[in-house]
S.K.: 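Okay, handing you the structure first.
A note on names: the letters A, B, ... follow the listed sequences, proteins ahead of strands, and every chain is numbered from 1. These numbers were taken from a predicted model, which means no experiment stands behind them.
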Amino acid sequence: EDADRYASADLAVVEHRRRLLDEWMAWRASVEEEVEEEREARGLPQDPIEGLIKKTDESEDQVIE
Amino acid sequence: MRPVLLQGHERALTQIRYNRDGDIIFSTAKDQHICAWYAHNGERLGTYHGHQGALWTVDVDPTSTLLASGAADNTVRLWDIRTGKCLKVWDFNTAVKRVEFTEDGSQLLAVTEQRMGFLGTIVVFDINLDVDGPQSDERSMTITCEESKATVAGWSYLSKYIIAGHEDGSISQYDAKTGEQLDNVQVHEGLITDLQWAPDRTYFITASKDKTAKLVNARDLEVMKTYVTDTPLNSASITPKKDFVILGGGQAAMDVTTTSARQGKFEARFYHKIFEDEIGRVKGHFGPLNTVAVDPQGKGYASGSEDGYVRVHQFDKGYFDFTYEVERQAKAAAAAQQQQQ
């Protein structure tokens, strides 16, 4: 009987976590879509630093040990 | 998770920031100079000298070209990261407690302290990312905090809002173009000590002296998650790649009045971002953690303490493998769905 009770308590915890995870993923999906649309509407690049980093000279990138 | 100890500061750490690539760490302390370190081995890359007072804050622009710092000498300084040259000094009436660049590095905000005769403010400067180019003398905007001074502030996604955390535990949302206050919500019961962003800046985490950290939606200031601890918090950071948050704090020895207070509590605490459970602690410091920062690439984190040290940790396999059953199931379900398509 005890084992049954623990099992159902565990199940409740797992179900609760599943709900939290579902809610979180749903919120992320909606906010990501919304921000992407807003970026586009404002004419901003998807990556905010796109075009900011100039091509560096190969020799400058050389690592000196 | 064997840490690398960064030795170079002589006083309490105040802020740590990684650059966008996660290979360089910048740190400030009350000892008047900024340090730059290689994240992978802890070797010191350089120091930036010029401030005449305790340093409170540092930030690096997204291209790792410029460094901004704020200090008790009432100045904000802009530095050429590569050469260490100070490019600009802006003077204020009071100390500067926080600086932050926008996501494209085109603007910088600074939070100034409140003092007799001066209200706390948030000021904005336009930034020229060319180290050889001129920087503007004048601020482009000033927000005055009439109600409660701001202790921390930052720029939201699209640099649409400026979000500030206040001494009274409230959070404000300002229009980043006009400075108009759009909203103010009471989120904490004590002073807000830190505010750090999720990678896309649509939400952030706050740390407070009220012993909690909160995850807040930048658009409507809704509190989405609360992390409850047993110690005043100084810092909180969100990990990319894994759904964790890292909290740092601890009671300073001089503030511990009862002998029953457990020695230490100077641990970095890991909580699950979505489930709000504490999942682990990392010991090591001998004083309260004043600042924690996570590598934007998700490979490690660094903590800075009242004890004067920075400890850099690389995440190990156990960290990346740690998942809840429901997370594994959700991942498997998503993979199965993708296969069907």
S.K.: Using a strict cut-off of less than 4.0 Å between a Lys/Arg side-chain nitrogen and an Asp/Glu carboxylate oxygen, indicate whether A:R17 and B:D243 qualify as a salt bridge.
M.R.: no

S.K.: Tell me, for B:Y324 versus chain A, whether the close heavy atoms (under 4.5 Å) come from the side chain, the backbone, both or neither.
M.R.: side chain

S.K.: So does B:K331 have more than 12 non-hydrogen atoms from other groups sitting under 6.0 Å from NZ?
M.R.: no

S.K.: Tell me if the NZ atom of B:K299 is crowded by more than 12 foreign heavy atoms within 6.0 Å.
M.R.: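 Counting neighbours around NZ of B:K299, 12 or fewer heavy atoms of other residues, nucleotides or ligands fall under 6.0 Å, so no.
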
S.K.: Output, in order, the C-alpha distance, side-chain angles, deciding distance and verdict of side chain to side chain contact (heavy atoms under 4.5 Å, CB included) for A:V35 and B:T202.
M.R.: CA-CA 8 Å; A:V35 171; B:T202 56; 3.7 Å; yes

S.K.: Just wondering, more than 12 heavy atoms not from B:Q338 lying within 6.0 Å of its CD?
M.R.: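 Counting neighbours around CD of B:Q338, 12 or fewer heavy atoms of other residues, nucleotides or ligands fall under 6.0 Å, so no.
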
S.K.: Identify which part of B:E276 has an atom lying under 4.5 Å from any heavy atom of chain A, answering side chain, backbone, both or neither.
M.R.: neither

S.K.: Which region of B:D277, side chain (C-beta onward) or backbone (N, CA, C, O), has a non-hydrogen atom less than 4.5 Å from a non-hydrogen atom of chain A, or is it both or neither?
M.R.: side chain

S.K.: What's the spacing between B:K225 NZ and A:W24 CH2 if we round to 0.5 Å?
M.R.: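 If we round to the nearest 0.5 Å, B:K225:NZ and A:W24:CH2 are 7.0 Å apart.
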
S.K.: Not counting sequence neighbours, list each pair that qualifies as a salt bridge (Lys or Arg N to Asp or Glu O under 4.0 Å) and has a residue in residues 156-165 of chain B.
M.R.: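 Residue pairs passing salt bridge (Lys or Arg N to Asp or Glu O under 4.0 Å), neighbours aside: A:E38-B:K160.
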
S.K.: Please enumerate all residues that pass salt bridge (Lys or Arg N to Asp or Glu O under 4.0 Å) together with A:E32, with sequence neighbours excluded.
M.R.: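 Once residues adjacent in sequence are excluded, the partners of A:E32 under the salt bridge (Lys or Arg N to Asp or Glu O under 4.0 Å) criterion are A:R28.
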
S.K.: If you take all heavy atoms of B:A330 and A:L21, which pair is closest and at what distance?
M.R.: CB-CD2, 3.7 Å

S.K.: Compare all side-chain heavy atoms of A:V31 with those of B:Y157 and state whether any distance is below 4.5 angstrom.
M.R.: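 No - every pair of side-chain heavy atoms lies 4.5 Å or more apart.
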
S.K.: Side chain, backbone, both or neither: which part of A:D47 has an atom under 4.5 Å from a heavy atom of chain B?
M.R.: side chain

S.K.: Among B:T65, B:D61, B:N217, which residue forms the greatest number of heavy-atom pairs with chain A at distances under 4.5 Å?
M.R.: B:N217

S.K.: Non-hydrogen atoms of chain B under 4.5 Å away: do they reach the side chain of A:E34, the backbone, both or neither?
M.R.: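 A:E34 touches chain B through side-chain heavy atoms alone.
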
